[in-house]
Amino acid sequence: MSFRFVSKESPFGYCTSLAANMQKFSAEETVSAHYLMREHQPQAIEQVMTSLLNLNSLRLFLSAPEFSELPELATERWYGTKFSSQPFSQLQLEMWGAALEGAPNEASVGLGLPSR
């Protein structure tokens, strides 16, 4: 059996997980038990998507060499990592909010969910 998006793992780790699954699941489900959804739960999916698309709790992490020389960088005390923490502009929040609501604008490209 082959799964399209499963991460590679060592043969020893795979055998160990199969042996553990044999204790919990039937023989037919030993390989696939952790990867198959037994039932479609639209409410659970909607709840997760709503929490992920909440602009009030959004954090954006950017990492690139171009940012390493910005003058407003602070230094993290344990590892000495340089960072900057800035609030989003009102324009950014408005554009992202409009994109989430479905209003067409330049920020809405690519934010929609795929059709079923």
Side-chain angles (χ1 to χ4, degrees):
M1 181 177 282
S2 175
F3 296 101
R4 188 171 167 192
F5 298 107
V6 173
S7 300
K8 302 286 185 211
E9 63 179 304
S10 72
F12 180 78
Y14 182 64
C15 288
T16 303
S17 68
L18 283 180
N21 284 351
M22 291 171 70
Q23 304 298 314
K24 301 177 199 172
F25 305 105
S26 68
E28 295 82 19
E29 297 178 321
T30 300
V31 175
S32 63
H34 289 292
Y35 303 102
L36 295 178
M37 292 179 59
R38 298 289 175 226
E39 60 187 64
H40 180 62
Q41 298 177 337
Q43 299 86 4
I45 294 169
E46 188 64 36
Q47 182 180 8
V48 169
M49 291 304 295
T50 300
S51 67
L52 290 175
L53 298 175
N54 182 352
L55 291 179
N56 294 324
S57 61
L58 177 67
R59 288 181 180 238
L60 177 66
F61 295 90
L62 297 176
S63 177
E66 294 84 10
F67 299 132
S68 64
E69 301 302 321
L70 294 175
E72 66 271 4
L73 293 178
T75 302
E76 187 269 332
R77 68 179 179 178
W78 290 285
Y79 297 103
T81 304
K82 293 185 177 186
F83 73 96
S84 175
S85 179
Q86 302 170 4
F88 295 113
S89 72
Q90 191 60 37
L91 177 63
Q92 288 171 316
L93 292 173
E94 289 171 5
M95 288 175 58
W96 295 336
L100 291 173
E101 295 299 323
N105 66 36
E106 62 270 14
S108 65
V109 176
L111 288 180
L113 295 174
S115 60
R116 280 183 104 199

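The structure presented is a predicted model; accordingly, all values stated were derived computationally and were not measured.
Taking Ser84 as the reference, Gln86 meet the side chain to side chain donor-acceptor pair (under 3.5 Å) condition, with sequence neighbours excluded. By the side chain to side chain donor-acceptor pair (under 3.5 Å) test, Gln92 pairs with Ser89, sequence neighbours left out. A search for side-chain contact (heavy atoms from CB on, under 4.5 Å) contacts involving Ser10 returns Phe12, not counting sequence neighbours. With sequence neighbours excluded, the residues satisfying side-chain contact (heavy atoms from CB on, under 4.5 Å) with Asn54 are Asn56, Ser57. Here Glu66 pairs with nothing under the side chain to side chain donor-acceptor pair (under 3.5 Å) rule; sequence neighbours left out. Contacts of Glu9 classified as salt bridge (Lys or Arg N to Asp or Glu O under 4.0 Å), with partners at least two apart in sequence or in another chain: none. Among residues two or more places apart in sequence or in another chain, the side chain to side chain donor-acceptor pair (under 3.5 Å) test is passed with Thr50 by none.
Residue pairs meeting the ring pair (Phe, Tyr, Trp, His ring centres under 6.0 Å) criterion with at least one member in residues 67-92, sequence neighbours excluded, are Phe88-Trp96.
Contact record, His40 with Pro42: O-CD, 3.4 Å, taken as the closest heavy-atom pair. Closest heavy-atom contact between Leu93 and Leu55: O-CD1, 3.6 Å.
In this structure, Tyr14 is not a member of the same hydrophobic cluster as Met22, with clusters built from ILVMFWY side-chain heavy atoms closer than 4.5 Å.
Taken from CG in Asn21 to OG in Ser26, the straight-line distance is 10.5 Å, to the nearest 0.5 Å. Put simply, NE2 on His34 and CD on Glu29 are 10.5 Å apart, with the number rounded to the nearest 0.5 Å.
Donor-acceptor pairing under 3.5 Å is recorded for the side chains of Glu39 and Gln41.
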